[in-house]
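Start at 1 and go down the list; that is how both ligands and their atoms are numbered. These numbers come from a predicted model, not from an experiment. What you see below is based on every heavy atom in this structure, not just the backbone, and it leaves out hydrogens, waters and symmetry mates.
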Amino acid sequence: MSHIQIAIDGPSGAGKSSLSKAVAKAMGIIYVDTGALYRTVGYFARSKGITLDNISALVPHLGELNIEVRYENEVQCVYLNGENLGDRIRENEISMYASKVSAIPEVRAFLLDTQKDIARKNSVIMDGRDIGTVILPDADVKIFLTASNEVRARRRVKELEEKGMPASYEEVLSDMIKRDEQDRSRDIAPAIAAPDAIHFDNSYEGFDEALEALLTVIRNA
Ligand code: DC
């Protein structure tokens, strides 16, 4: 297949990004992390002094926002008004901001073309919450990746620790459950599986086994 689109949806910590990166490498295609776009908008909202309980105050400021995605050494970099934010968008507080801004219809509309454009121009594996349902409804393969809450929270704690932003397991677990519920129950583009998605449970397997299993699912789809 010359041009391929793979959609990976599922809650945070299910292993979407690490598995997608490895699949992209194995297949010679681009990995697109769409959560990074919502995180960047969340970061912008916080920098404007907008609070989580008044997040819709962001809407009038969207015109001041320019987001650009560039690939540098095969790594996705998101630029906010010309500045690469790097790991600053991974902070725990920014996770909650990202979840809040992602429920605003104007924000989803604002990011729609950026995502569709990348997939039009490149073969991609794109991960997020609405990739199979909204962004790439005609994707060649749709995967809904899940794992238990405990496994997902442990992964997030490890990831934050590795990035030098330690957070407690209890805090990460409770924030994650709250955020998932918020993402799943929102009116627009709720984080649910597409009807034709293949469900893939990533709770128990080691990374290499999970990757092999996922590649087999993709190749056989
Ligand atoms: O994948 P992530 O944890 O980096 O995503 C951050 C937030 O952005 C998450 O709470 C849900 C939201 N999001 C979304 O609504 N749609 C996407 N395609 C990707 C992320």
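- For atom 8 (O) of ligand 1, the closest non-hydrogen atom of the protein is Tyr38 CB, 3.5 Å.
- Interface atoms of ligand 1 facing Ala98, defined by a heavy-atom separation under 4.0 Å, are 6 (C), 7 (C).
- Listed by number with element, the atoms of ligand 1 under 4.0 Å from a non-hydrogen atom of Arg39 are 2 (P), 3 (O), 4 (O), 6 (C).
- Under a 4.0 Å criterion applied to the non-hydrogen atoms of Arg179, ligand 1 contributes the atoms 3 (O), 6 (C), 7 (C), 9 (C), 10 (O).
- Within the 4.0 Å heavy-atom criterion, the part of Arg108 lying near ligand 1 is the side chain and not the backbone.
- Formation of a donor-acceptor pair under 3.5 Å by the Asn202 side chain with backbone atoms of Ala147 is not found in this model.
- Residue contacts with ligand 1 for Arg186 involve side-chain atoms from C-beta outward but no N, CA, C or O (heavy atoms, distance under 4.0 Å).
- In terms of protein heavy-atom proximity, atom 2 (P) of ligand 1 is nearest to Arg129 NH2, 3.6 Å.
- Listed by number with element, the atoms of ligand 1 under 4.0 Å from a non-hydrogen atom of Ser99 are 10 (O).
- Of all atoms in ligand 1, numbered sequentially from 1 with element shown, those under 4.0 Å from a heavy atom of Asp183 are 9 (C), 10 (O), 11 (C).
- Nearest protein heavy-atom neighbour of atom 19 (C) of ligand 1: Thr34 OG1, 3.4 Å.
- Formation of a donor-acceptor pair under 3.5 Å by the Ser123 side chain with backbone atoms of Ser2 is found in this model.
- A salt bridge between Glu161 and Lys158 is absent, with no side-chain N of the basic residue lying under 4.0 Å from a carboxylate O of the acidic one.
- Looking at Ser12 and Arg179, their side chains do bring a donor and an acceptor atom within 3.5 Å of each other.
- Listed for the Glu91 side chain is no donor-acceptor partner under 3.5 Å among the backbone atoms of Met165.
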